[in-house]
2 protein chains.
Amino acid sequence: MKGKKEIVDLSSSLSEIWRVLSENERESIRKDARFVNYRKNEMIYFEDEYPKDLMCLLKGKVKIFKSGIGGRSQIIRMIRPIQYFGYRAYFANEPYVTAASAFESSTVCLISMEIIEDILRKNGDLAMFFIQQLSIDLGIADQRVVNLTQKHIRGRLAESLLFLKESYGLEEDGATLNIYLAREDLANLSNMTTSNAIRTLSGFVDERVIAMDGRKIKIIDEDKLRKISRMG
Amino acid sequence: MKGKKEIVDLSSSLSEIWRVLSENERESIRKDARFVNYRKNEMIYFEDEYPKDLMCLLKGKVKIFKSGIGGRSQIIRMIRPIQYFGYRAYFANEPYVTAASAFESSTVCLISMEIIEDILRKNGDLAMFFIQQLSIDLGIADQRVVNLTQKHIRGRLAESLLFLKESYGLEEDGATLNIYLAREDLANLSNMTTSNAIRTLSGFVDERVIAMDGRKIKIIDEDKLRKISRMG
DNA sequence: TTAGAATCATGTTGTTGAACACAAAAATAC
DNA sequence: GTATTTTTGTGTTCAACAACATGATTCTAA
């Protein structure tokens with residue numbers, strides 16, 4: 001019935017929740033699932049909109065951000081493939097308090113939250129999946145409050161670089177971050193101005209902690225980076 | 001079987017979860033529920049401990065905090081009676097990343113998390129209760145990241161005062177905050193040093209936004225306080 | 001019981017350093 | 001070749017910190 005372009009294999013794409021579902025449950029999700037492509041920098045949802053769908057990133061990179069005081073934006077989290085997002089606001093019964101945009105060309109699978117809620121009310125394993133995700137994210141958010149408020153500028157930037165490494169990994173050379181961020185995005189991730197991101201990055205290059213080539217960032221001395229992240 | 005001192009009525013004390021439970025489920029909770037009193041400033045749990053129990057504050061006030069860089073502590077949230085806490089770490093399968101202490105003499109009801117997990121895997125309503133709580137808290141944490149990092153010192157303090165009003169209400173005079181915090185705690189809540197909390201509070205008194213008498217804080221001009229909180 | 005000691009919370013001030021705004025140049029992308 | 005991004009420099013603001021003063025409370029030993 002739905003478009004024929006869905007070559008995507010749901011069972012492997014949504015693996016984490018697929019595992020815990022019955023055949024019936026899978027069927028109702030199959031019927032509803034939609035796939036949407038977003039171009040680089042395209043908005044996926046906006047602050048204050050009402051959430052309707054669970055989203056699972058299949059391909060690409062997505063940033064979740066908030067516009068703060070004077071429109072200054074703060075990146076809250078970054079999403080990588082096979083991560084779910086967009087469900088918090090629905091569960092809290094609120095409009096989105098964040099916005100999401102495709103950081104690079106991305107594919108997202110959408111599933112109606114109402115269907116998900118129906119299923120999880122009967123399926124304890126699925127309920128536990130969301131409880132666990134939310135609990136992990138809440139722990140990260142609590143840690144982030146302390147990191148962003150108490151660490152100094154170098155520590156915050158070092159931490160962001162390590163976070164990007166954990167999230168998206170490295171390229172074949174085993175050193176270059178597998179994501180190319182504008183200085184401005186790096187700044188929004190680390191709670192600093194673009195100027196300071198640039199200055200501090202240059203500092204790291206001088207100290208031979210990283211190397212840069214345009215937006216490519218190579219981690220030279222990860223131990224030292226960790227030390228900076230802990231101390232400053 | 002259990003101590004006779006439990007005059008506490010579980011059905012009204014745990015009302016929010018009690019409503020959604022079957023008689024069987026209630027019985028297994030009744031059998032396990034324990035009541036513990038904590039004196040002012042006594043620790044309830046410590047960072048890095050393993051979580052075992054769901055906690056429900058029945059009486060008193062509790063603060064959840066993290067020790068950050070150089071032992072500087074950051075208050076993450078404040079708990080008021082009939083709020084649940086202590087479950088996040090269990091669900092995330094982690095040791096506590098925060099600590100909790102009684103802010104004043106408090107009574108807590110403890111229920112084994114294993115029992116709770118067993119029940120919620122079969123009871124979709126209970127599962128939704130925790131999903132909703134976690135979702136709300138995660139939204140607050142995201143907002144908090146922006147508030148604490150982007151607002152200026154006056155805005156952060158103003159926000160904390162309004163938060164305390166929302167959380168614990170006012171005394172009979174309709175103006176005095178129904179919680180007496182040390183300047184240090186106020187500072188830890190607002191991400192500033194004790195000196196700055198004192199300085200900024202004095203400023204608010206000069207501007208006739210609040211009045212102070214020791215630890216008592218009277219909100220004189222709530223509109224102005226809101227304006228300060230919004231503007232930064 | 002009370003004078004004094006010790007401790008802690010509160011309040012004040014000056015200094016220092018960090019981070020920001022602004023501006024303007026250089027490099028790069030489209 | 002125009003626009004955007006990146007880079008560097010300068011002056012200013014702001015908040016952390018240290019050092020210190022004061023007052024309240026608790027403890028203790030005569």
Side-chain angles (χ1 to χ4, degrees), chain A residues 39-41 68-74 103-105 146-161 177 179-206 210-217 228 231-232, chain B residues 39-41 63 68-75 101 103-104 146-160 177 179-207 210-217 228 231-232:
Chain A
R39 285 187 308 277
K40 188 178 156 87
N41 291 325
I69 318 294
R72 206 174 123 204
S73 100
Q74 170 72 53
F103 193 78
E104 53 186 52
S105 173
V146 173
N147 286 342
L148 286 183
T149 56
Q150 297 194 2
K151 281 185 182 173
H152 284 177
I153 199 164
R154 284 164 52 86
R156 299 204 303 272
L157 185 62
E159 199 203 347
S160 292
L161 294 175
L177 286 182
I179 180 173
Y180 304 161
L181 285 166
R183 303 294 190 267
E184 187 182 356
D185 281 314
L186 214 42
N188 291 340
L189 191 60
S190 316
N191 182 38
M192 61 185 67
T193 54
T194 308
S195 308
N196 272 324
I198 291 162
R199 233 186 295 271
T200 312
L201 276 175
S202 304
F204 287 172
V205 172
D206 292 345
I210 62 170
M212 288 194 298
D213 175 17
R215 295 191 177 186
K216 281 191 193 186
I217 295 177
I228 296 172
M231 294 308 148
Chain B
R39 285 187 308 278
K40 189 178 151 87
N41 291 325
K63 68 172 174 185
I69 318 294
R72 205 175 125 203
S73 100
Q74 170 73 51
I75 297 179
S101 74
F103 193 77
E104 52 187 53
V146 173
N147 286 342
L148 287 183
T149 55
Q150 297 194 3
K151 281 186 184 172
H152 284 176
I153 198 164
R154 285 163 54 84
R156 298 204 303 271
L157 186 62
E159 199 204 347
S160 292
L177 286 180
I179 182 173
Y180 303 162
L181 284 165
R183 303 294 191 267
E184 189 183 355
D185 282 314
L186 215 41
N188 292 340
L189 191 61
S190 316
N191 182 39
M192 61 184 68
T193 55
T194 308
S195 307
N196 273 322
I198 292 164
R199 212 196 307 265
T200 311
L201 276 176
S202 305
F204 287 173
V205 172
D206 292 344
E207 301 168 43
I210 62 170
M212 288 195 298
D213 174 17
R215 293 190 178 188
K216 282 191 192 184
I217 295 178
I228 295 171
M231 292 311 147

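Predicted model, so just to flag it, every value in this text is computed and none were measured. Naming: A, B, ... by sequence-line order, numbering from 1 per chain.
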- Atom NE2 of B:H152 to atom P of C:dA19: distance rounded to whole Å? 13 Å
- Ignoring the backbone of B:I198, work out which of C:dT10, C:dA19, D:dA16 is nearest its side chain. C:dT10
- Message: So, does B:N196 get its side chain near the phosphate of D:dA16, meaning an N or O under 4.0 Å from OP1 or OP2?
- Response: yes
- Task: State whether A:R199 places a side-chain N or O below 4.0 Å from either non-bridging phosphate oxygen (OP1 or OP2) of D:dG9.
- Result: no
- Taking Watson-Crick and G-U wobble pairs with both distances under 3.5 Å, convert DNA chain D into its dot-bracket string, 5' to 3', dots for unpaired and | for cross-strand pairs. ||||||||||||||||||||||||||||||
- Message: Whole angstroms only, please: what is the CG-C1' distance between B:N41 and C:dA9?
- Response: 13 Å
- Item | Whole-Å gap separating C1' (C:dA21) and CD1 (A:I69) | 17 Å
- Does A:T193 place a side-chain N or O at less than 4.0 Å from the phosphate oxygens OP1/OP2 of C:dC20? yes
- Message: Rounded to whole Å, please give me the gap between NZ in B:K40 and P in D:dT26.
- Response: 11 Å
- Item | Nearest listed nucleotide, side chain of A:S202, among D:dT8, C:dA19, D:dA16 | D:dT8
Give every pair of a protein N or O atom and an N or O atom of nucleotides 25-30 of chain C that lie under 3.5 Å apart, one pair per line with the distance.
none

- Message: If I take atom CG from residue B:N188 and atom OG1 from residue B:T194, how far apart are they, to the nearest 0.5 angstrom?
- Response: 6.5 Å
- Note on the structure: Quick note, B:R215 side chain, CB onward, closest among D:dA15, C:dA19, C:dA9 is C:dA9
- Task: May I ask you to list the residues of residues 180-187 of chain A, by number, that have any heavy atom positioned under 4.0 Å from an atom of DNA chain D?
- Result: A:A182, A:R183
